[in-house]
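Contents: one structure, followed by commentary.
Chain letters run A, B, ... following the sequence lines, proteins first and then strands; every chain starts at 1.
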Amino acid sequence: MKIAVLMKDVPDLVEELEVEDGALPLDDMSFVPSEWDDQALEEALLMKEEADVEVTAVAIDTGDVDNMLFTALAKGADRAVKLVGDFSRTLPNRLRARLFAQYCQAQAIDVVLTGVQAIDDLDGQIAGLVAGLTGRAHASVVRDVHIEGSQVTCVQEYSGGKMAEMQLAVPAVLGIQAARKPPRYVTIAKVRQIQKSATLEEVEAEAGTAPLVTVRRIYKPEAAGHAEMWGDDVDAVAESIVRLLEDKKLLRS
Amino acid sequence: MLRTLLMALTVAMVVAAGALFARRVAAIVGVMRTARPTLRTDRVGERIQSVVEHVLLHRRMFRITLSGVLHYFIFSGFVVLLIDIVETVGEVFVPGFTVGRILAPLVDIWVILVAIGILLALYNRLIIRPARFQGSDEKDAFLILGLIGAIIVGIVIHDSFFPFVAREVLHVPDPVAHAHFLGWGLSRLWVALGWTGPGAASVGYAFGYLLDMGVVLAFLAYLPYSKHLHIFAAVPNIFIRNLGPKGALLAKPVEESMAIRTFQDLSWKDISDLYTCTECGRCQAVCPAHAAGQPLSPKMVILELRDALNERIARGTAFSAEEPPLAGGVISKEELWACTTCGACQEACPVFIEHVPKIAGMRAALLEEGDIDPNAQKVLVAWDRQGNSFGQPARKRPVWAKNIDVPIKDARKEPVDWLWFVGDFAALDPRVQRLTQLIARLLHHAGVDFGILYESEANAGNEALRIGEYGLFEALALKNIEALNKAQYRRIFTTDPHSLNALKNEYRKFGFEAEVLHYTEAFLELIDQGQLSVSSVPVRATYHDPCYLGRWNGIVEAPRQLMQRLGVDLVEMPRHGAQSFCCGAGGGRIWMDETGITDRPANQRIREAMRLSNVHFFVVACPKDVSMFNASVTAMGVEEEMRVVDMAELLAVAVGLESAEETLLVSS
Ligand code: SF4
Ligand code: SF4
């Protein structure tokens, strides 16, 4: 069975976002793998440990994705594929999804995993879009994925602590919320070694067109209200908390 | 007849014991030959000197007086035993042989000393029962004591019968009969019993001879299967000890991987270590992880490895890849991740066993399997991406230098006299930044021309290496070296002992050899050169030696002299200097889960300080200590009784930058 993990890199939010002329200076920012995609990769690798599957990490060449793909190989992915073409950092998800969808169809991928979301999803999430374009079964915000014959099972969690176990016929697309275990660590040396010994497969791709949204401006929100500082006198702060709770009728006497 | 019989028996026993001994040693040497190389035969003069110091003079052994003395008796007995063996075998093989009247009584004197040694050892093991023996093979210890007892009894018995055998059976003179005063004394009993004829004397002599030589040879055959192989292994193992620099975990850059999975991944010195361990447990007794209730004992790490290797040698699978891995198999991952790499074990070991490189290598193997504490993993990722453990953008590193009233030069842009390598905690921990700024003000006050690398400085990589992430360490080191090479400076100093260790010891393998000082050394120099005048800060305080300053780098005097210049009344804790007790933060532990810790090492250390009479200040010289020990006094609710003070605060008061009241440097 073939599993593809669709991955992308996103701005590293450790850095404070600066806004220049109503836009983000993407060229000056550092990029890291989207944390949900990392979770999806980990889930795929865990599935590989319990079933006979081939895991391929797929990313679109929107900049520097090589390291992310080599890291996926070092972690245990069987193949790493870079979809190459003329793509910019701001490639919208509608177009990304088309590229991924073409690849998954062409390669007859059975189960597609990807992060349920990414911090720069402006026009929808990849999982749903790819599922729509490829006409495959789809579930999102899921975890605990297992393969059972020609089905995949996974779990969705609802508020109030209720869970649903679901089943989808392959081919299927899943938006992963979290892997069963935290994503594994891979040593720098191992990634370097893979960089020397393995190559990334490059697949030419063309995005075509899709209805898009454009960002008009990025700006800081105007503050709606101001925080009131209570200082550091323990007694006074305690009194203020009690008063606040009383005001909001949260204290029963 | 008696002679022929004894000669035949002796030859047979020598051959059998020698064969058993040789077979065993050959198996061990066979494993050593396939192990990783390490250079341990250079600097012969220093090596001989260290053998003299630690074998002949028992320097480390005497740190525990009773054990040192009893061991010295027994150990020296083995040397004197050689005289007895020569004499005993000589008497039988060469009629009329004698060692002379001077050497002969030495044997008797040492029989008494060894007997005392055995009694003291029994007292130690049966009555005192130090906790450090927990986990050691006590049966083996008693067996060996019994064998040694048998040998000395045998010596006295054959000496006591020899005068009669010499006269009645061998017809040779026995000029040393009186010189063996113990044997002579016992022979009076045989005279009284009338056992002096050829028959009785021959039987008595043969019994004594076999008790002596038979047990000596049985010993020889048994030794390599027991911890007492150290009788032979200790001398070479001390000879091939690591001559330093102590703080360098790895002497050379790693080509492939530092991971230790199999016995072949250990160095040949590591293999030698396994067979040299005396099971004395001195390492266990000083281990902070063990004291904290964690599953780690450095002694057990060595013994578990040795036992596993023995089993594999016996099964013929010492070189097989089928056997469970050492990391996570023979040694559990809980043991491996509990180590703070404080080095107390190595410092305590009388036979110079190196625990930390083995532990770090096995950690590397775990790490390569992706097995690491999730928090520590975040830190590794942060070091890789941002260059600091706080996951803060690199730009934030010099923020502490922005909002203070003294100018701090950018050493990347202009030459400076002193380059300050600040370190993660000093730069980014909000609790420590105030102290970092204080040091900047002190330097400014002293008129020092200094600068920092601003955002070009990254974590030094000391802990990354000790977590087992060599590639990350190397990347960080090369990044720092590149920045340092671009800067112009005369010397480097750092506030952080962990950075100091990396810069001073670990960067050498990449060709970086600049002089690196700790700030306590730097300020001592400033005071002594008259660049900084200080007034007295008359407080009574104790000082905690950071592991990476005192133990790994031997910097124990500078901080003490500095305190002396400041007029501080220093009261030492029982464990100080190279024998200091770790705060529990090192080796990446500061970021790892504390489950299983029943008594935090830092709390134990604060309690140790609180037992000193009338001491209310706990002086530290390491940014990690500031946060570790402050957390402890807060958690223990003893802020009033014990205040954690950084050396910088003492200095600030001494030069008048801050008042004693401001820094709370007044006894409550
Ligand atoms: S280095 Fe320290 S923590 Fe690690 S085993 Fe040795 S004594 Fe214990
Ligand atoms: S490693 Fe050294 S200190 Fe520890 S038990 Fe063995 S000989 Fe003693």
Of all heavy-atom pairs between B:Q377 and A:P183, which one has the smallest distance, and what is that distance?
NE2-O, 2.8 Å
Flag side-chain contact, heavy atom, 4.5 Å: A:V14 against B:Q386
yes
Search all heavy atoms of B:E469 against all heavy atoms of A:Y185 and return the closest pair with its distance.
OE2-OH, 2.6 Å
Any chance CG of A:D52 has more than 12 other-residue heavy atoms, nucleotides or ligands included, within less than 6.0 Å?
no
Applying a heavy-atom distance below 4.5 Å, give me the residues of residues 453-465 of chain B that approach chain A, sorted by number.
none
Taking side chain as everything from C-beta outward and backbone as N, CA, C, O, which of these in B:I372 sits under 4.5 Å from a heavy atom of chain A? Side chain, backbone, both or neither.
side chain
Within the 4.5 Å heavy-atom criterion, are A:I188 and B:F473 side-chain neighbours or not?
no
If every non-hydrogen atom of A:P33 is compared with every non-hydrogen atom of B:R385, which pair is closest and at what distance?
CD-NH2, 3.6 Å
Can you list, pair by pair, the side-chain donor-acceptor contacts under 3.5 Å of residues 326-333 of chain B, counting residues two or more places apart and other chains?
unit_1, atom_1, unit_2, atom_2, d
B:S332, OG, B:E335, N, 3.2
B:S332, OG, B:E335, OE2, 3.1
B:K333, NZ, B:D371, OD2, 3.3

Does any heavy atom of chain A fall under 4.5 Å from the side chain of B:Q392, the backbone, both, or neither of them?
backbone
Is the backbone of B:P393 close enough, under 3.5 Å, to the side chain of A:E16 for a donor and an acceptor to pair up by distance?
no
Taking only heavy atoms into account, what residues of residues 155-165 of chain A are found under 4.5 Å from chain B?
none
Is the NZ atom of B:K402 crowded by more than 12 outside heavy atoms at less than 6.0 Å?
yes
Looking only at heavy atoms, which of residues 254-263 of chain B get nearer than 4.5 Å to chain A?
none
With a 6.0 Å cut-off (strictly less than), is the heavy-atom count around CG of A:D233, excluding the residue itself, greater than 12?
yes
Between B:E368 and A:T187 (side chain of the first, backbone of the second, donor and acceptor by atom type, cut-off under 3.5 Å), is there such a pair?
no
Nearest atoms (heavy-atom pairs only) where B:A394 meets A:E15:
N-OE2, 4.4 Å
